[in-house]
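Quick notes on the structure that follows.
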Amino acid sequence: MGICDNRTVIITGAGGGLGRAYALAFAAEGAAVVVNDLRAEAAESVVAEIRASGGDAIANYDDITSMDGARAIVDAALAAFGEVQVLVNNAGVCRDRMFVSLSEDDWDAVMRVHLKGHFCLANVLAKRWRDQAKDGLLVNARIINTSSGAGLQGSVGQSNYSAAKAGIAALTLVQAAELGRYGITVNGLAPSARTGMTETVFADMMKVPEDGGFDFWDSANVAPLVVWLGSAASRHVTGQVFEAAGGKISIADGWRTGPEVDKGARWDPVEVGAAVDGLLARVVPAQPVYGS
Ligand SMILES: NC(=O)c1ccc[n+]([C@@H]2O[C@H](COP(=O)([O-])OP(=O)(O)OC[C@H]3O[C@@H](n4cnc5c(N)ncnc54)[C@H](O)[C@@H]3O)[C@@H](O)[C@H]2O)c1
């Protein structure tokens, strides 16, 4: 018995890193897994690992950045397993440069994979699940989106990536508000782990402990939260963005209105400077911008 028995999950970018860890963990809890990745060999190898442990999985190499690709992924899942209950939007790329050196192509590539990639599959599945709910079927579906500390706090040298990840956090809030009525929960995740994406930039910080102690940065440490969010048991949790690393799980507390001043009438531009300085003096010090 697993907490995801009789559920099918599509995981994008699951050929390596965090996506691979999620795929193995979902399979271990009884889910059938669609291992999507543009890197066909990597996806096949994760499927082989799952099958070798007695799990059920198929590989899929369609591109998440087009509606045709998204429909093909869902069709493959339905053909293999009959239904889909969980989508983990995980695939990602980085094109890091200081903002002043960022090219249009760097901007578009990151927006396409992260933001449009999050839209296409979720849109195809949300339509399917909405139609099922309208037909009177019991829908208990999950969308798990991937933001980042960079999207929540900013990250120097990653303006494109931070903007896309902030967009994903906001997308999560709106999807949760709109899709709850159909039995779909939507949560976001800001993970931290040692993967292909982070192993060079954070090599020193994310080392495997030499004393054999708890490997805090192992990507498998993030997977239990994602698997639970994908299970039927998490029905009451939606619209949250979780930060997860090692054994830590926290809820990102979001943007909220801070110090405020109300003149009760329109400001004169010459008065505004003093008013803003007064507000800044009352602001709780911000967390340092990542990478600065
Ligand atoms: N590792 C971290 O500490 C960290 C921190 C914050 C956010 N994230 C996010 O977590 C997610 C997973 O990252 P990771 O660290 O495992 O990186 P990774 O590079 O190891 O894995 C990303 C995977 O996505 C795949 N991919 C890229 N474009 C794709 C596309 N168009 N269609 C299908 N697959 C595609 C890649 O082939 C790769 O296998 C990403 O969204 C990343 O931004 C990671």
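First listed ligand is number 1; within each ligand, the first listed atom is number 1.
Using a 4.0 angstrom heavy-atom cutoff, A193 counts as in contact with ligand 1. Residue-ligand proximity: Y161 is placed with a non-hydrogen atom under 4.0 Å from ligand 1. Assignment of R194 to the shell around ligand 1 is not supported, since no heavy atom sits closer than 4.0 Å. Every heavy atom of R112 sits 4.0 Å or more from the atoms of ligand 1. Look at G69 and you'll find every heavy atom at least 4.0 Å from all atoms of ligand 1.
By the 3.5 Å distance cut-off applied to N or O atoms, S192 is not counted among the residues near ligand 1. Between S148 and ligand 1, not a single N/O pair is under 3.5 Å apart. In terms of polar-atom proximity, R39 is counted as a contact of ligand 1, with an N or O under 3.5 Å from an N or O of the ligand. For S147, no nitrogen or oxygen atom sits less than 3.5 Å from a nitrogen or oxygen atom of ligand 1, counting backbone and side chain alike. Taking distance alone, with nitrogen or oxygen atoms compared against 3.5 Å, V113 stays at or beyond that limit from ligand 1. Taking distance alone, with nitrogen or oxygen atoms compared against 3.5 Å, K165 approaches ligand 1 more closely than that limit.
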Checklist entry - Taking it one step at a time, do R128 and E83 satisfy salt bridge (Lys or Arg N to Asp or Glu O under 4.0 Å)? => result CA-CA 10 Å; R128 177 177 181 82; E83 194 47 75; 2.9 Å; yes
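Which parts of ligand 1 touch N36 is read off a 4.0 Å heavy-atom cut-off, strictly below it: atoms 33 (C). For ligand 1, the atoms sitting less than 4.0 Å from at least one non-hydrogen atom of I64 are 30 (C), 31 (N), 32 (N), numbered in the order shown with element in parentheses. In the vicinity of V93, heavy-atom distances shorter than 4.0 Å reach the ligand 1 atoms 27 (C), 28 (N). Atoms of ligand 1 found under 4.0 Å from any heavy atom of G196 (numbered from 1 in listed order, with element): 20 (O). The ligand atoms of ligand 1 that sit less than 4.0 angstrom from a heavy atom of G17 are 16 (O), 20 (O). Atoms of ligand 1 lying under 4.0 Å from any heavy atom of H114, numbered from 1 in the order shown and given with element: 41 (O), 43 (O).
Residues V261 and L279 come closest through the heavy atom pair N-CD2, 3.7 Å. Heavy atoms only, all atoms of each residue included: V110 and V93 are closest at CG2-O, 4.2 Å. Among all heavy-atom pairs drawn from A76 and N60, the shortest one is CB-ND2, 4.0 Å.
Of the listed residues (A91, G19, G149), the one carrying the non-hydrogen atom nearest atom 34 (N) of ligand 1 is A91. Comparing T12, D63, N90 by heavy-atom distance to atom 41 (O) of ligand 1, the nearest is N90.
In this structure, N160 CG and S155 OG are separated by 10.0 Å, a value rounded to the nearest 0.5 Å.
Taking the charged nitrogens against the carboxylate oxygens, K134 and D131 have no contact shorter than 4.0 Å, which rules out a salt bridge. Salt bridge R266/E271: absent, no basic N to carboxylate O contact under 4.0 Å. With respect to R95 and D105, a salt bridge is recorded, a charged nitrogen being found less than 4.0 Å from a carboxylate O.
Judged purely by atom type and a 3.5 angstrom limit, K116 has no side-chain atom pairing as donor or acceptor with the backbone of M111.
Test N89, N90, N187 against N145 for side chain to side chain donor-acceptor pair (under 3.5 Å) and you get one pass: N89.
Pairs engaging residues 210-220 under the side-chain hydrogen bond (donor to acceptor under 3.5 Å, both in side chains) rule: R194-D215 [sequence neighbours left out]. Residue pairs meeting the side-chain hydrogen bond (donor to acceptor under 3.5 Å, both in side chains) criterion with at least one member in residues 242-253, sequence neighbours excluded: D253-R256.
Side-chain atoms of D68 and S66 form no donor-acceptor pair, as typed in the model, at a separation below 3.5 Å.
Both the backbone and the side chain of P191 come within contact range of ligand 1, each with a heavy atom under 4.0 Å. Contacts with ligand 1 closer than 4.0 Å are made by side-chain heavy atoms of T198 only, the backbone lying farther away.
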